[in-house]
Amino acid sequence: MSALSINRLTKAFGGLMAVNNVSFEVETGSIMGLIGPNGAGKTTVFNLITGIYRPDQGEILFNGASISGLPTHRIVAAGIARTFQTIRLFQNLSVLENVLAGCHCRMHSGVIASMFHPPRQRREERDALAKSLAALEFTGLHQQAGQLSKNLSYGNQRLLEIARALATQPQLLILDEPAGGMNEQETSELVSLIWKIRERGITILLIEHDMSLVMRVCERIVVLEYGSKIAEGSAEEIKTDPKVIQAYLGTEKEW
């Protein structure tokens with residue numbers, strides 16, 4: 001069964017065809033990679049899936065239901081969370097407060113409830129706190145819960161984005177270059193975390209330029225070039241595909 005189905009997705013910006021008739025499926029419980037040269041359209045695909053852009057043509061199905069053109073908050077509520085290529089944290093809030101922000105989409109109390117703190121609203125707050133602390137424990141950041149997010153190392157800021165995304169209780173987690181800026185040890189820990197997330201039953205779709213990471217964790221890989229899909233297959237199939245080697249990978253020794 002497919003968690004996500006992308007059907008003939010197309011998006012242009014003026015005369016630039018950023019995504020051109022792209023189709024692929026992400027199986028439930030799998031880890032899929034989306035790779036390609038800079039400017040290939042990878043992040044645009046992510047932005048279309050998560051409602052930042054509206055597709056010009058094509059359809060996006062999540063668990064069999066169309067999410068094409070839905071606003072971002074409804075897509076998050078449906079069960080899709082993401083991180084960003086450029087870190088987007090609340091720099092002057094604590095680590096815990098950043099993760100608590102991710103719980104907001106699952107809370108139902110409004111302004112009046114927040115003013116008067118009825119039992120239901122207090123239960124929601126306790127539940128959000130517990131879930132946030134659990135997400136920090138899961139990502140190894142629990143000891144930094146009280147620190148300002150801007151004071152974390154770059155690698156831990158990446159992990160905090162993942163913790164915040166997990167706090168939304170996603171079924172599909174979309175990671176945009178999660179290893180960007182990480183050192184070798186941090187990348188190795190990220191690989192372990194990705195496997196742990198998948199073990200929880202969460203489907204993962206990621207963009208990543210670290211090809212050793214992609215080849216280690218992804219069961220299937222889609223390759224884009226100039227907005228079009230040029231290949232799809234297993235890691236072994238992709239790294240030996242002549243079109244992919246020419247467009248992106250180069251020889252195996254180079255990565």
Side-chain angles (χ1 to χ4, degrees), residues 29-34 43 46 49-50 52 72-73 75-77 79-107 122-210 212-214 216-218:
S30 70
I31 304 175
M32 175 171 273
L34 186 63
T43 295
F46 275 18
I49 295 169
T50 56
I52 294 175
T72 299
H73 70 278
I75 291 172
V76 174
I80 299 178
R82 71 170 293 179
T83 65
F84 292 86
Q85 182 177 350
T86 303
I87 292 174
R88 300 186 184 182
L89 296 173
F90 300 108
Q91 295 289 327
N92 291 313
L93 294 182
S94 72
V95 168
L96 177 59
E97 288 168 332
N98 268 271
V99 181
L100 280 166
C103 295
H104 179 74
C105 69
R106 303 295 171 200
M107 300 177 74
R122 293 197 297 271
R123 285 195 299 271
E124 279 196 336
E125 287 184 347
R126 290 194 298 269
D127 186 55
L129 179 60
K131 285 184 169 63
S132 296
L133 291 172
L136 290 176
E137 178 84 30
F138 184 74
T139 53
L141 295 175
H142 52 289
Q143 293 183 341
Q144 288 82 37
Q147 291 187 26
L148 293 180
S149 65
K150 66 182 179 182
N151 294 333
L152 294 180
S153 68
Y154 189 84
N156 280 344
Q157 288 188 37
R158 289 280 184 193
L159 294 180
L160 178 54
E161 276 212 318
I162 294 174
R164 184 174 61 186
L166 291 173
T168 70
Q169 303 175 54
Q171 299 172 50
L172 171 65
L173 178 61
I174 296 178
L175 303 174
D176 194 347
E177 297 192 32
M182 287 187 171
N183 60 37
E184 186 174 343
Q185 179 180 345
E186 290 169 335
T187 299
S188 179
E189 292 170 354
L190 175 64
V191 169
S192 298
L193 178 61
I194 289 172
W195 282 116
K196 284 169 59 181
I197 292 169
R198 202 276 289 274
E199 287 170 3
R200 286 191 162 192
I202 298 172
T203 306
I204 299 172
L205 174 62
L206 80 152
I207 294 172
E208 185 51 66
H209 286 294
D210 184 333
S212 63
L213 184 154
V214 172
R216 287 163 69 186
V217 304
C218 293

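Predicted, not measured: the structure shown is a model, and the values here were computed from it.
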Rounded to the nearest 0.5 Å, what's the gap from [atom1] on [X] to [atom2] on [Y]? Could you check?
{"X": "Leu100", "Y": "Ser132", "atom1": "CG", "atom2": "OG", "answer": "3.5 Å"}
{"X": "Thr168", "Y": "Ile75", "atom1": "OG1", "atom2": "CD1", "answer": "12.5 Å"}
{"X": "Ser149", "Y": "Leu93", "atom1": "OG", "atom2": "CG", "answer": "7.0 Å"}
{"X": "Ile207", "Y": "Phe84", "atom1": "CD1", "atom2": "CZ", "answer": "11.5 Å"}
{"X": "Ile197", "Y": "Ser192", "atom1": "CD1", "atom2": "OG", "answer": "11.0 Å"}
{"X": "Leu160", "Y": "Thr83", "atom1": "CG", "atom2": "OG1", "answer": "11.5 Å"}

Looking only at heavy atoms, which two atoms of [X] and [Y] are closest? And how far apart?
{"X": "Leu89", "Y": "Ile87", "answer": "CG-CG2, 3.6 Å"}
{"X": "Thr72", "Y": "Thr50", "answer": "OG1-O, 3.2 Å"}
{"X": "Gly146", "Y": "Ser94", "answer": "O-CB, 4.0 Å"}
{"X": "Gln91", "Y": "Leu148", "answer": "O-CB, 4.1 Å"}
{"X": "Gly180", "Y": "Tyr154", "answer": "O-CE2, 2.9 Å"}
{"X": "Leu175", "Y": "Phe46", "answer": "O-CE2, 3.4 Å"}

Audit row: Gln171, Ile80, side-chain contact (heavy atoms from CB on, under 4.5 Å) steps and yes/no:
CA-CA 6 Å; Gln171 299 172 50; Ile80 299 178; over 6 Å; no

Decide yes or no on side-chain contact (heavy atoms from CB on, under 4.5 Å) for Leu173 and Thr203, but give the supporting numbers first.
CA-CA 6 Å; Leu173 178 61; Thr203 306; over 6 Å; no

Compare all side-chain heavy atoms of [X] with those of [Y] and state whether any distance is below 4.5 angstrom.
{"X": "Ile174", "Y": "Leu206", "answer": "no"}
{"X": "Leu129", "Y": "Leu96", "answer": "yes"}
{"X": "Ile49", "Y": "Leu205", "answer": "yes"}

Test of understanding: with salt bridge (charged side-chain N to carboxylate O under 4.0 Å, His left out), list the residues that count as partners of Glu208, not counting sequence neighbours.
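If we apply the salt bridge (charged side-chain N to carboxylate O under 4.0 Å, His left out) test to Glu208, skipping adjacent residues, there are no hits.
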
Once salt bridge (charged side-chain N to carboxylate O under 4.0 Å, His left out) is applied, do any residues pair with Asp210, and if so which ones, sequence neighbours excluded?
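Scan of Asp210 (salt bridge (charged side-chain N to carboxylate O under 4.0 Å, His left out), adjacent residues dropped) gives none.
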
Residue pairs passing the salt bridge (Lys or Arg N to Asp or Glu O under 4.0 Å) test where at least one lies in residues 156-168, sequence neighbours excluded
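Residue pairs with at least one partner in residues 156-168: Glu161-Arg164.
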
Restricting to pairs with a member in residues 170-179, which pass salt bridge (Lys or Arg N to Asp or Glu O under 4.0 Å), not counting sequence neighbours?
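The answer is Arg82-Asp176.
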
Run the side-chain contact (heavy atoms from CB on, under 4.5 Å) test on Ile162 and Leu190 for me, step by step, so that the C-alpha distance in whole Å, both residues' side-chain angles and the decisive distance to 0.1 Å come before the verdict.
CA-CA 10 Å; Ile162 294 174; Leu190 175 64; 3.8 Å; yes

Taking side chain to side chain donor-acceptor pair (under 3.5 Å) as the definition, give me every residue that meets it alongside Gln147, ordered by chain and number, with sequence neighbours left out.
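Scan of Gln147 (side chain to side chain donor-acceptor pair (under 3.5 Å), adjacent residues dropped) gives none.
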
Using a 3.5 Å distance criterion without hydrogens, assess whether the side chain of [X] forms a donor-acceptor pair with backbone atoms of [Y].
{"X": "Thr187", "Y": "Asn183", "answer": "yes"}
{"X": "Glu189", "Y": "Glu186", "answer": "no"}
{"X": "Asn98", "Y": "Phe90", "answer": "yes"}

Please tabulate, one pair per line, all N/O donor-acceptor pairs under 3.5 Å involving side-chain atoms of residues 133-144, not counting sequence neighbours.
residue	atom	partner	partner atom	Å
Thr139	OG1	Ala135	O	2.9
Thr139	OG1	Leu136	O	3.3

